[in-house]
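Here's the structure, in structure tokens; my notes come after.
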Amino acid sequence: MATLGQHEKKHKVTVVGSGNWGSAIAKICAENTKEHPEIFEEEVRMWVYEEELTVPQTSKHYDPRSSFSTQKNKLTVLINHLHENVKYLPDVRLPTNLVATPDLESSVEGASILIFNLPHQFIGGLCDQMKGHIEPYARGISCIKGVDVSSKDVSLFSESIGEKLGIYVGALSGANIANEVAQEKFSETTIAYDPPNIDSRAPTPKTSTPRISTPEGSQLDLTQLTEHKDSKGLTSKVRLTAQPQDLPPLDQNTFKLLFHRPYFHVRVVSDVAGVSLGGALKNIVALAAGFVAGMGWGDNAKAAVMRVGLLEMVKFGKMFFQNSSRTATFTEESAGVADMITSCSGGRNYRCAKMSVERQMSIQEVEREELNGQMLQGTSTAKDVYEFLEARGKVGEFPLLTATYRILQGEMQVKDLPDALT
């Protein structure tokens, strides 16, 4: 039987996704589960979309005498044998307690903590596959940057995942370039996790379960509160299952232990909407910063764009997520101002927007030449956000977001941007 400070079970962690950011996050989690054996099971599973490849000649693992270098092998086999993701995170050693698996159902089985780190377009299909295979009391963190915007609504990826799987999911975002994090160069991130009431472990008399007083003076058992509020202050469709008492509490401190490293500092907040919005809207601001840089207007102009962009990010959060979005998330956290600064200094959106002006090309042409068929997140987000604002008659209240979209559409020239911001 568990005693105070001890628990019969430990949290089992699975990372869903194994690209460069997925592998970097899995590395961090595996380092920390090994350091905190009183809370976590040491093994961390990482679901890998299976591919076949040979070790490239540029890899330190290349050996012309080895079948790994001369014949195609499954990516999971290479990761587990070499302890390196030679395709998506080369030259970074992964912990030996990180195990790659190609089977999604078995990778999530028994996990009490699920970390989602994959392209957002695959969320729906993978969640459908996971249904019935995850623990009903599991909790999650989405490392998928941005939000899902349409003319009808703005929804958070964390909440989309949660609704599909029937669990609560927080978010992680910040000024985090995957390769720099993996190489253990110092950076910060923000985790947004607002623990559901049902997970409360508040101290109580021995004869009762955690309770709070209602206005009528009755007692309410927190562990029975299966309902919780979403980021818009509405009652979520999800009915949660309480975490077993024989597991350690799964709160903000636990998630900080799972992600914080000497080289990767974590701040934990409750504002899931603000953290998610910061990861989306900063890409539009980065496009605008790239446009003025391409004009050769210098750092003052870029700083002006960033200032206005930050204000509009705050305003967007307050206007459409007024029940949860906090100004401080944008102005004080890595997921807000720091991520915007990084994106406006050298991110893909910034660089391609700058090139489009310098080369006098459309940004779509730059995408084709520079990104090997990939598309910028900022261009699609700018369109979605504009259509969302237009449907609500709010276009005029967000001059920078609106002007950036109109420049992308060829309806406005970059030289006219300062006038749009007056």
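Just so it is clear, the structure is predicted and the values come from calculations on it, not from any experiment.
- With Arg45 contributing its side chain and Ser106 its backbone, the two residues share a donor-acceptor pair below 3.5 Å.
- Across every non-hydrogen atom of Ile115 and Cys143, the tightest pair is CG2-SG, 3.8 Å.
- Applying the salt bridge (charged side-chain N to carboxylate O under 4.0 Å, His left out) rule to Glu180 yields no partners; only residues at least two apart in sequence or on another chain are considered.
- Environment of NZ in Lys72: sparse, with no more than 12 heavy atoms of neighbouring residues, nucleotides or ligands closer than 6.0 Å.
- For the pair Asp339 and Ser173, the minimum side-chain heavy-atom distance is below 4.5 Å.
- Less than 6.0 angstrom separates the ring centroid of Phe68 from the ring centroid of His81.
- Environment of NZ in Lys315: crowded, with over 12 heavy atoms of neighbouring residues, nucleotides or ligands closer than 6.0 Å.
- Nearest heavy-atom pair, Ala111 versus Thr14, reported as atom, atom and distance to 0.1 Å: CB-OG1, 3.5 Å.
- Considering every non-hydrogen atom in both Val414 and Val292, the closest pair reads CG1-N, 4.5 Å.
- Annotation: side chain of Ile161 is not in contact with side chain of Leu114 (no heavy-atom distance under 4.5 Å).
- Listed for the Gln252 side chain is a donor-acceptor partner under 3.5 Å among the backbone atoms of Tyr193.
- One finds the CD1 atom of Ile113 at 7.5 Å from the CD atom of Gln243 (value rounded to the nearest 0.5 Å).
- Pairs of residues two or more places apart, or lying in two chains, that qualify as side chain to side chain donor-acceptor pair (under 3.5 Å) and include a residue from residues 46-55 are Glu50-Thr76, Glu51-Lys87, Glu51-Tyr88.
- No donor-acceptor distance shorter than 3.5 angstrom exists from the side chain of Thr381 to the backbone of Ala280, with no hydrogens or angles considered.
- When every heavy atom of Gly174 is checked against every heavy atom of Ser334, the shortest pair comes out as CA-OG, 3.5 Å.
- Between Asp91 and Lys60, none of the side-chain N atoms (NZ, or NE/NH1/NH2) sits under 4.0 Å from a carboxylate O, so this pair counts as no salt bridge.
- Open room surrounds CZ on Arg307; 12 or fewer heavy atoms of other groups in view lie less than 6.0 Å from it.
- The number of heavy atoms from other shown groups lying within 6.0 Å of NZ (Lys131) is above 12.
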Residues 22-42, side-chain donor-acceptor partners within the protein, below 3.5 Å, at least two apart:
{"unit_1": "Ser23", "atom_1": "OG", "unit_2": "Ser18", "atom_2": "O", "d": "3.1"}
{"unit_1": "Ser23", "atom_1": "OG", "unit_2": "Gly19", "atom_2": "O", "d": "2.9"}
{"unit_1": "Ser23", "atom_1": "OG", "unit_2": "Asn85", "atom_2": "ND2", "d": "3.0"}
{"unit_1": "Lys27", "atom_1": "NZ", "unit_2": "Glu31", "atom_2": "OE2", "d": "2.8"}
{"unit_1": "Lys27", "atom_1": "NZ", "unit_2": "Glu184", "atom_2": "OE2", "d": "2.8"}
{"unit_1": "Lys27", "atom_1": "NZ", "unit_2": "Tyr263", "atom_2": "OH", "d": "3.1"}
{"unit_1": "Glu31", "atom_1": "OE1", "unit_2": "Arg261", "atom_2": "NE", "d": "3.0"}
{"unit_1": "Glu31", "atom_1": "OE1", "unit_2": "Tyr263", "atom_2": "OH", "d": "2.8"}
{"unit_1": "Asn32", "atom_1": "OD1", "unit_2": "Arg261", "atom_2": "NH1", "d": "2.8"}
{"unit_1": "Asn32", "atom_1": "ND2", "unit_2": "Leu257", "atom_2": "O", "d": "3.4"}
{"unit_1": "Asn32", "atom_1": "ND2", "unit_2": "Leu258", "atom_2": "O", "d": "2.9"}
{"unit_1": "Asn32", "atom_1": "ND2", "unit_2": "His260", "atom_2": "O", "d": "3.1"}
{"unit_1": "Thr33", "atom_1": "OG1", "unit_2": "Cys29", "atom_2": "O", "d": "3.4"}
{"unit_1": "Thr33", "atom_1": "OG1", "unit_2": "Ala30", "atom_2": "O", "d": "3.1"}
{"unit_1": "Thr33", "atom_1": "OG1", "unit_2": "Glu42", "atom_2": "O", "d": "2.9"}
{"unit_1": "Thr33", "atom_1": "OG1", "unit_2": "Asn97", "atom_2": "ND2", "d": "3.3"}
{"unit_1": "Glu35", "atom_1": "OE1", "unit_2": "Arg261", "atom_2": "NH1", "d": "3.4"}
{"unit_1": "Glu35", "atom_1": "OE2", "unit_2": "Arg261", "atom_2": "NH1", "d": "3.1"}
{"unit_1": "Glu35", "atom_1": "OE2", "unit_2": "Arg261", "atom_2": "NH2", "d": "3.4"}

For this session: For Arg326 and Ser270, run side-chain contact (heavy atoms from CB on, under 4.5 Å): C-alpha distance rounded to whole Å, both residues' side-chain angles, the deciding distance at 0.1 Å, then the answer.
Result: CA-CA 9 Å; Arg326 297 178 63 250; Ser270 299; over 6 Å; no
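- Looking at Arg368 and Glu365, their side chains come closer than 4.5 Å, going by heavy atoms from C-beta outward.
- In Asn300, the CG atom is not crowded: 12 or fewer heavy atoms of neighbouring residues, nucleotides or ligands sit closer than 6.0 Å.
- With Thr329 contributing its side chain and Gly274 its backbone, the two residues share no donor-acceptor pair below 3.5 Å.
- Side chain of Tyr168 to backbone of Val238: no donor-acceptor contact under 3.5 angstrom is found.
- Using a 4.5 Å cut-off on side-chain heavy atoms (C-beta onward), Ser343 and Val285 make no contact.
- Contact of the Thr331 side chain with the Val337 side chain is not registered, since no non-hydrogen atoms from C-beta on lie closer than 4.5 Å.
- Minimum heavy-atom separation, Leu417 to Ala403: CD1-CB, 3.6 Å.
- Thr379 contributes a side-chain N or O that, together with a main-chain N or O of Leu376, makes up a donor-acceptor pair within less than 3.5 Å.
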Exercise. What do the steps show when you test Lys232 against Asp153 for salt bridge (Lys or Arg N to Asp or Glu O under 4.0 Å), and what is the final call?
Worked result: CA-CA 11 Å; Lys232 295 177 181 175; Asp153 196 15; 2.4 Å; yes
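- Arg392 places a side-chain N or O within donor-acceptor distance of the main-chain N or O of Lys152, the cut-off being under 3.5 Å.
- Atom NZ of Lys9 has 12 or fewer heavy atoms from other residues, nucleotides or ligands within 6.0 Å.
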Exercise. Are Arg139 and Asp199 close enough, and set up right, to give a side-chain contact (heavy atoms from CB on, under 4.5 Å), and what steps lead you there?
Worked result: CA-CA 10 Å; Arg139 300 291 181 258; Asp199 290 345; 2.8 Å; yes
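- Sorted by first and then second residue, the pairs that involve residues 124-157 and meet ring-ring contact (aromatic ring centres under 6.0 Å, His included), not counting sequence neighbours, are His120-Phe157.
- Not a single donor-acceptor pair under 3.5 Å links the side chain of Glu397 to the backbone N or O of Lys394.
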For this session: Take Glu188 and Arg267, measure what salt bridge (Lys or Arg N to Asp or Glu O under 4.0 Å) needs, and give me the verdict at the end.
Result: CA-CA 8 Å; Glu188 296 179 310; Arg267 283 170 57 91; over 6 Å; no
Problem set entry | Verdict with supporting geometry, Phe255 and Leu172, side-chain contact (heavy atoms from CB on, under 4.5 Å) | CA-CA 10 Å; Phe255 278 111; Leu172 180 152; over 6 Å; no
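- Here ring-ring contact (aromatic ring centres under 6.0 Å, His included) pairs that include residues 359-392, with residues two or more places apart or in two chains, are Phe316-Phe388, Phe320-Phe388, Tyr386-Tyr405.
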For this session: Determine, stepwise, if the pair His11 / Ser112 fulfils side chain to side chain donor-acceptor pair (under 3.5 Å).
Result: CA-CA 6 Å; His11 287 293; Ser112 55; 2.8 Å; yes
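- In terms of heavy-atom proximity, Val275 sits nearest to Ala192 at CG2-CB, 3.7 Å.
- Note that the CD1 atom of Ile123 and the OG atom of Ser142 stand 6.0 Å from one another [nearest 0.5 Å].
- Residues that satisfy the salt bridge (charged side-chain N to carboxylate O under 4.0 Å, His left out) test with Arg93, not counting sequence neighbours, are absent from this structure.
- A donor-acceptor pair under 3.5 Å links the side-chain atoms of Arg351 to the main chain of Gly346, judged by distance alone.
- Note that CZ of Phe321 and CG of Asp271 are 10.0 Å apart. Values are rounded to the nearest 0.5 Å.
- The main-chain N or O of Gln322 is never found under 3.5 Å from a side-chain atom of Ser325 such that the two would form a donor-acceptor pair.
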For this session: Report the C-alpha distance between Lys256 and Asn253 in whole Å, list the side-chain angles of each, state the deciding distance to 0.1 Å, and finish with yes or no for side-chain contact (heavy atoms from CB on, under 4.5 Å).
Result: CA-CA 5 Å; Lys256 186 164 186 174; Asn253 290 332; 5.6 Å; no
